[in-house]
Participant: 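Quick one: the structure is below, questions incoming.
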Amino acid sequence: MSNKYRTHNCDELRKKHVDKNVILSGWINKKRDHGNLLFIDLRDNYGITQFIIDKENSNFKELEKMQLETVIKIEGKVINRSKETINNEIKTGEVEVIIENFKVLGTCKELPLPVFSDQEYAEDIRLKYRFLDLRRKKIHENIILRSNVISFIRNEMNNLGFLEFQTPILTSSSPEGARDFLVPSRLNPGKFYALPQAPQQFKQLIMVSGFDKYFQIAPCFRDEDARSDRSPGEFYQLDLEMSFVEQEDIFKVVERLLVNTFKKFSNKKLLFDNFPKITYKDAMQKFGSDKPDLRNPLIIKDLTNIFLRDDITFEIFKKLVKSGSLVRCIVTKNTKDKPRSFFDNIDKWAKEQGASGLAYFTIEKDKELSAKGPVGKFFSKESLNEIMKSTGAEVGDSIFLACSKQKELEKITSLARDKIAKDLDLIDDDVFAFCWVVDYPMFEKDLLTNKIEFSHNPFSMPQGEIDQINFDKPLDILAYQYDIVCNGIELSSGAIRNHMPDLMYKLFSVAGYKKEVVDEKFSGMINALSYGAPPHGGIAPGIDRIVMLLANEKNIREVTMFPMNQNAQDLMMNAPSDVSDKQLKELNISLKFKE
RNA sequence: GGGGGUGUAGCUCAGUUGGUUAGAGCGAUCGCCUGUCACGCGAUAGGUCGAGGGUUCGAGUCCCUUCACUCCCGCCA
């Protein structure tokens, strides 16, 4: 394409273009001013081309003063670079363009942050001037990667026979799940829409409507606080749903899709081409978390029963165990020569995490087996033998111990597992370790209120023959509910859905919802399921997190074009903002602020 | 809602035990320089040390309050 702005882009010129007259447009990326000779690097989306001009040209003085990031159009002639001056860093580095004429297309004020730099900048300035930030190489490439990943996924899904549909953005608030974003309705005073937390009910309705396989790159809105891997406000899921499927069918589709995507867009190896399946229960025991990082070889072992022995005199732990606490440990291989500071740092770190610390000892053998370390003296050699047997620990290994109630214990051992592995440099950063976490419990007990609640998704299908499910022991009911985890990051969760209204009512009643409430809150769903619903299931991998992993970024804002800050503000667009009294009046809204 | 970290020039940062006029690099402005690609050299401008209060003869530095950003906990069916 050639027009008045350019005959070539900034990544196109090669040796074969030498002697051609060309026009290029772009941003002034960098100037190198030799006084009587000036180099200008012109940048556009595609690349960089070096231009050159000397003082004999009447444009020299003006170009010399030109601000970086000014947008200009340059006309000139392509010439060869001499051998010594070839730049192999850029694709156009064998040639350069002698400037004959130029025109400023867009002026530029003094920059609040440099574009030409690999330096890191304060986030608020980056977000306020996102349009400048996005010109910078790394993030510019991340955003292009995101676009390519989405195109690829869309193409794969089409090839697999999925149909892409849009679902409403203005919908109804649902009582389960995260906090909703609400939108007041002008035509229905006092009533509110909610932005969808996910198109959950719609995609099920699409299955009931007989479309068989659906997908969508779906925006999801949840009014929850941010984390580094969680944008406040909105994010995107590859939302998909299939009819007449079992759990394994979903697994096959998603595994193939993710393996293809990750192989195409990253050089990192996949640790498993077939994702291992870990039950929720195992995950919590072995890793203390339902999003285990399987690159980390450390495994958590239970030692509770050993603390019932008389030849262990670690009285604090023994007392806690008697009152219902558990003891779990992490074994580190061959750490007997690690300095005292290594152990003490981890203990100190654990205390900073709000735990009572991590006890530790190292197993040594001179003539007899012994435990070295602050709490080593509490363990007899027989008990050490027993500990080695049940943990697989060997002489020279160290054992970190934590003792508390199950939930706290899972949390601290999970964090400790990451921390210790990092300190010992056990995590291979050049691999992706995917796994499925399966068999989530249908319900869980709220520890504060003792109420039975849905642990994940109320629409999931419980496991087992329907007439044999024991609703008197709701905590024992498992669901066809699953997550995909990669390198410790939860990529998606999904489920085989419950398509039977009677069973749905029953499950909701266990969680304390009366039939009338279910009818009211989920009328669309329940009603639809009563008119011939196919068995169906699906999943929804998080697009932002997939791209984050592929771009090797630790923060989701690095793969999001226009993210909000931690307080859910868009510093560039000034959102959220005040609205006029007229607007409020139309919506029948008056503002009342907290004291 | 809670905890940690950070806040000094347009940008990135240094600033010792509380002690003279708060520094460097990049950027800006001006000058010199014809082969650079992080060009080089010289000069100049640029500061409410996030804000407010306190301790002190003296505060960028210590204390209190507060604000902003960020990380984490809670929250995230």
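Chain naming here is simple, since letters A, B, ... match the order of the sequence lines and numbering starts at 1 in each. Side chains are part of it too, since the values below use all heavy atoms of this structure and drop only hydrogens, waters and symmetry mates.
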Participant: Distance to the ring centre below 6.0 angstrom and angle to the axis at most 45 degrees; does that hold for A/K55 and A/F60?
Facilitator: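 No, a cation-pi geometry is absent between A/K55 and A/F60.
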
Participant: Distance check: side-chain N/O of A/N555 vs OP1/OP2 of B/C71, anything under 4.0 Å?
Facilitator: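 Yes, such a contact exists.
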
Participant: With a 4.0 Å cutoff (strictly under), does any side-chain N or O of A/N567 reach OP1 or OP2 of B/C69?
Facilitator: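 So the side chain of A/N567 is within the cut-off, an N or O lying under 4.0 Å from OP1 or OP2 of B/C69.
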
Participant: Using the rule salt bridge (Lys or Arg N to Asp or Glu O under 4.0 Å), only one of A/R545, A/K138, A/R126, A/R136 pairs with A/E558; which is it?
Facilitator: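 Of the listed residues A/R545, A/K138, A/R126, A/R136, the salt bridge (Lys or Arg N to Asp or Glu O under 4.0 Å) partner of A/E558 is A/R126.
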
Participant: Does A/R81 place a side-chain N or O at less than 4.0 Å from the phosphate oxygens OP1/OP2 of B/U36?
Facilitator: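 It does not, given that no N or O in the side chain of A/R81 lies less than 4.0 Å from OP1 or OP2 of B/U36.
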
Participant: Distance only, no hydrogens: is a donor on one side chain within 3.5 Å (strictly under) of an acceptor on the other, for A/R32 and A/Q50?
Facilitator: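 There is such a pair (donor and acceptor under 3.5 Å, judged by atom type) between the side chains of A/R32 and A/Q50.
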
Participant: According to a strict under-4.0 Å criterion, is A/R557 in side-chain N/O contact with OP1 or OP2 of B/C71?
Facilitator: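 Checking B/C71 against A/R557, a side-chain N or O does come within under 4.0 Å of OP1 or OP2.
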
Participant: Each nucleotide N or O in nucleotides 23-32 of chain B that has a protein N or O under 3.5 Å away: list the pair and distance.
Facilitator:
residue: B/G27; atom: OP1; partner: A/K30; partner atom: NZ; Å: 3.4

Participant: Tell me whether A/H34 is stacked on the nucleobase of B/C39, counting only the six-membered base ring and applying the 5.5 Å and 30° thresholds.
Facilitator: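 Here A/H34 meets both the 5.5 Å and the 30° conditions.
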
Participant: So, does A/R32 get its side chain near the phosphate of B/C39, meaning an N or O under 4.0 Å from OP1 or OP2?
Facilitator: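 Yes, because at least one side-chain N or O of A/R32 sits under 4.0 Å from OP1 or OP2 of B/C39.
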
Participant: With ring-ring contact (aromatic ring centres under 6.0 Å, His included) as the test, pick out the partner of A/F508 among A/F443, A/F471, A/Y513.
Facilitator: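 It is A/Y513; the other options fail the test.
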
Participant: Side chain of A/R222 only, heavy atoms from C-beta on: which candidate in B/C75, B/C69, B/C76 is closest?
Facilitator: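 Looking only at heavy atoms from C-beta outward on A/R222, the closest nucleotide is B/C76.
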
Participant: So, is A/S228 near the phosphate of B/C72, with a side-chain N or O under 4.0 Å from OP1 or OP2?
Facilitator: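 Answer yes for this pair, as a side-chain N or O of A/S228 is under 4.0 Å from OP1 or OP2.
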
